[in-house]
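See below for the structure under consideration.
Everything numeric here is computed off the predicted structure, so don't read it as measured data.
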Amino acid sequence: MISRRRVLQAGVAGGTSLVLVSGKAAPRDGGELDPAEIEKYAADLPIPEVMPPDGADPDTYTIAARQFRQQILPPGRPATTVWGYGSPAHPETFRTPSCTVEATWNRPVQVRWVNQLVDGKGRFLPPLLPVDPTLHWANPPGGVAGRDAHPMFTATPGPYRGPVPMVTHLHGGTNGETSDGYAEAWYLPDAHDIPRDYARIGSFYEEFAKKSEQAHGVPWGPGNAVYHYDNPGRATTLWFHDHTLGLTRLNVYAGLAGFYLLRGGPSDIEDGVLPGPAPRLGDPPDTRYYEIPILVQDRSFRADGSLSYPSSRADFDGFKGPYAPGSDIAPIWNPEYFGNAMIVNGRTWPVLRVEPRRYRFRFLNGCNARSLILKTVTDPAAHRPAPAAFAWWQLGSEGGFLPAPVRREDLLLAPAERADVIADFTSFPVGTELYLINEGPDAVYTGGTPGKDFTAADARTTGQVMKFVVEPLTAPDPSTPPEQLTLPHFEPLGAAHLTRRLSLNELPSARLPHVSPRQVLLGTVDAQGEPKPMGWHDPITENPAPGATEIWEFHNFTTDAHPIHIHEIQFQVVDRQPLSGGARRLPPVWERGYKDTVFAYPHEITRVKVRFGKAGRFMWHCHMLEHEDNEMMRPFLVGSA
């Protein structure tokens with residue numbers, strides 16, 4: 001049987017892949033770059049600057065997505081063509097990850113998100129990576145009648161090469177449906193050469209545009225959408241990324257991601273207690289920062305510097321067809337993908353020069369499918385699991401500060417999870433070199449620990465992340481030692497009045513019994529405990545009332561640990577239990593704050609408590625992006641339609 005399990009044991013083959021241009025096969029320039037040959041620790045860690053607002057209004061932004069070249073590989077190697085966000089009035093701000101949006105509790109922010117994926121002559125730019133048009137996806141060529149659909153083909157098509165749809169989601173934000181980044185509210189760039197029969201907007205764009213203008217008085221326009229973020233939540237680390245139906249994995253891999261930091265209010269800590277400063281607008285170039293956002297991603301590159309991503313299902317499991325119309329297996333989509341090089345804040349294996357003092361790091365796992373187990377060590381090549389050089393103090397997760405600081409020797413982060421931590425370098429002499437490593441697997445995480453339950457990432461490549469070099473102290477450290485911190489008052493959710501039983505499912509081919517998986521789906525669980533898998537367009541089954549508090553049980557019938565994300569809210573993890581029954585176990589202490597993403601482990605029930613807010617249409621899904629792009633995503637409706 002050709003399956004993920006066999007492929008994970010055998011490894012994934014590299015090599016030169018093909019893309020279709022105008023219906024013809026054309027090789028990419030250069031073969032795939034051997035990650036072991038990429039120089040490590042050859043460039044400093046970029047620290048994202050702050051996104052400039054529009055004019056004098058500090059809370060109104062225009063943020064566009066563009067294509068550009070960026071030095072991601074070490075100096076001397078080719079630059080990489082990527083996509084990223086920036087301010088059109090400040091062209092120098094375009095990069096990946098983007099500049100950080102700084103927001104204040106209960107102070108609304110308006111962002112006009114603009115799709116500027118066009119060339120200098122106003123013509124649309126094609127996708128950077130191979131788009132599988134056989135999935136259930138945005139499907140602009142289907143026109144208004146066929147958009148957001150699962151198109152049928154009489155012969156196997158090549159990759160889609162038309163204009164790129166986009167829609168931006170503020171991950172973890174508490175926002176109304178019109179500003180959530182719904183997967184079917186996408187829009188194409190305002191290019192002059194889009195074919196007349198193409199759909200230019202997604203199925204919900206017009207409805208949300210009308211509602212938004214009625215509520216805020218600001219119209220949307222061609223190639224853009226205006227989102228309003230009220231920022232009522234707890235002070236925390238949020239992030240934004242593309243969320244287009246069936247294209248999220250590719251648009252994010254291409255570079256569409258950035259931090260959104262929410263500060264202030266009763267759930268924050270006053271200045272001076274934690275390490276700082278963080279970047280601010282107008283900082284001089286030599287400003288030293290002691291609060292730093294750190295986005296960790298995995299990517300693969302070709303010798304010419306371009307991003308590498310699979311162009312065939314054969315890259316995953318060797319299956320070369322038959323595809324349409326003879327099978328139900330998508331020809332290009334890969335069930336998961338793991339890059340072979342690590343990048344941090346847009347640089348491969350960078351260096352951060354630190355002082356012997358405390359730092360606040362806001363970690364974000366921005367990988368498509370890779371789970372991370374981060375640890376700081378003295379020897380990057382040490383046998384895994386390696387001894388930790390120091391312990392982190394974790395202060396917060398996705399939903400803000402925890403009830404109390406938690407001491408951890410390593411940080412397990414699923415895709416989209418965040419960890420707000422203190423790293424203490426005070427005991428290390430000047431000249432000390434330390435290394436941030438990754439002991440997660442080069443495969444889907446299934447739970448457990450490295451060396452016992454799975455093989456850790458390749459210590460030569462994906463098992464290393466970045467380097468710290470201790471330099472002389474430039475000023476006293478006024479921050480409070482983390483073990484002495486008292487974090488803001490934590491108010492748990494009240495009693496739940498309804499429990500929903502939901503399923504996580506993996507489907508093999510219905511036509512080719514030896515090929516799996518075909519799709520990964522969510523669904524419900526029936527009275528007999530059996531799963532009922534459902535696709536994106538099946539009728540909505542989750543319809544909580546505004547203000548309702550519920551328990552959502554994720555029954556995982558697969559062998560993967562799926563990071564499950566619920567839009568619009570922050571939840572609390574209640575417990576976990578084997579599917580077969582037995583004792584429930586409480587979440588570890590670092591999962592006892594508010595979260596928006598949680599590991600649902602294989603063959604277990606993971607329970608979370610959720611309190612819903614604003615009425616509207618939202619989504620819940622797996623945050624392994626390849627999974628969500630092929631049906632592992634479902635809409636839910638708060639209140640009446």
Minimal non-hydrogen separation, [X] against [Y], with atom names:
X      : Y      : value
Arg460 : Lys40  : O-NZ, 2.7 Å
Pro97  : Gly258 : CB-CA, 4.5 Å
Thr558 : Leu504 : CG2-O, 3.5 Å
Asn175 : Leu170 : ND2-CD2, 3.9 Å
Ala389 : Leu434 : CB-CD2, 3.9 Å

**Report entry** Asp180: partners by salt bridge (charged side-chain N to carboxylate O under 4.0 Å, His left out), with sequence neighbours left out
**Finding:**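 Here no residue qualifies.
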Query - Candidate list Arg358, Arg360, Arg357, test side-chain hydrogen bond (donor to acceptor under 3.5 Å, both in side chains), partner Ser479, passing option - result: Arg358
Identify whether the distance between the nearest side-chain nitrogen and carboxylate oxygen of [X] and [Y] falls below 4.0 Å.
X      : Y      : value
Glu628 : Arg249 : no
Asp596 : Arg418 : yes
Glu291 : Arg362 : yes
Glu49  : Arg95  : no
Asp268 : Arg263 : no
Arg280 : Glu102 : yes

Requested in this report: Would you check if the distance from the ring center of Trp113 to the ring center of Phe240 is below 6.0 Å?
Outcome: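 So the answer is yes for these two rings.
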Query raised in the report: What do you reckon, are the aromatic ring centroids of Trp392 and Phe390 less than 6.0 Å apart?
Result: yes
Query raised in the report: Take atom CZ in Arg585; do more than 12 heavy atoms of anything else shown fall under 6.0 Å from it?
Result: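 Counting neighbours around CZ of Arg585, more than 12 heavy atoms of other residues, nucleotides or ligands fall under 6.0 Å, so yes.
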For the residue pair [X] and [Y], categorise the inter-ring angle as parallel (less than 30°), tilted (30 to 60°) or perpendicular (more than 60°).
X      : Y      : value
His627 : His562 : tilted
Phe361 : Phe425 : perpendicular
His621 : His565 : perpendicular

Query - Tyr289/Asp283 under side chain to side chain donor-acceptor pair (under 3.5 Å): CA gap, chis, key distance, verdict - result: CA-CA 10 Å; Tyr289 300 115; Asp283 285 341; 2.7 Å; yes
**Report entry** N/O donor-acceptor pair under 3.5 Å between Glu439 side chain and Ala386 backbone
**Finding:** yes
Query - Trp239, Tyr229, Tyr61 screened by ring pair (Phe, Tyr, Trp, His ring centres under 6.0 Å) with Tyr260, the one that passes - result: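 Testing Tyr260 for a ring pair (Phe, Tyr, Trp, His ring centres under 6.0 Å) against Trp239, Tyr229, Tyr61 leaves exactly one candidate, Tyr229.
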Query raised in the report: Are a donor atom and an acceptor atom from the side chains of Tyr85 and Thr168 found within less than 3.5 Å of each other?
Result: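 Side-chain D/A pair, Tyr85 to Thr168: present.
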Query raised in the report: Going by atom types only, do Arg69 and Thr81 share a side-chain donor-acceptor pair under 3.5 Å?
Result: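 Result is yes, a qualifying pair exists.
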Requested in this report: Verify ring pair (Phe, Tyr, Trp, His ring centres under 6.0 Å) between Phe428 and Phe468, making sure each step is shown before the conclusion.
Outcome: CA-CA 11 Å; Phe428 295 99; Phe468 302 106; 9.7 Å; no
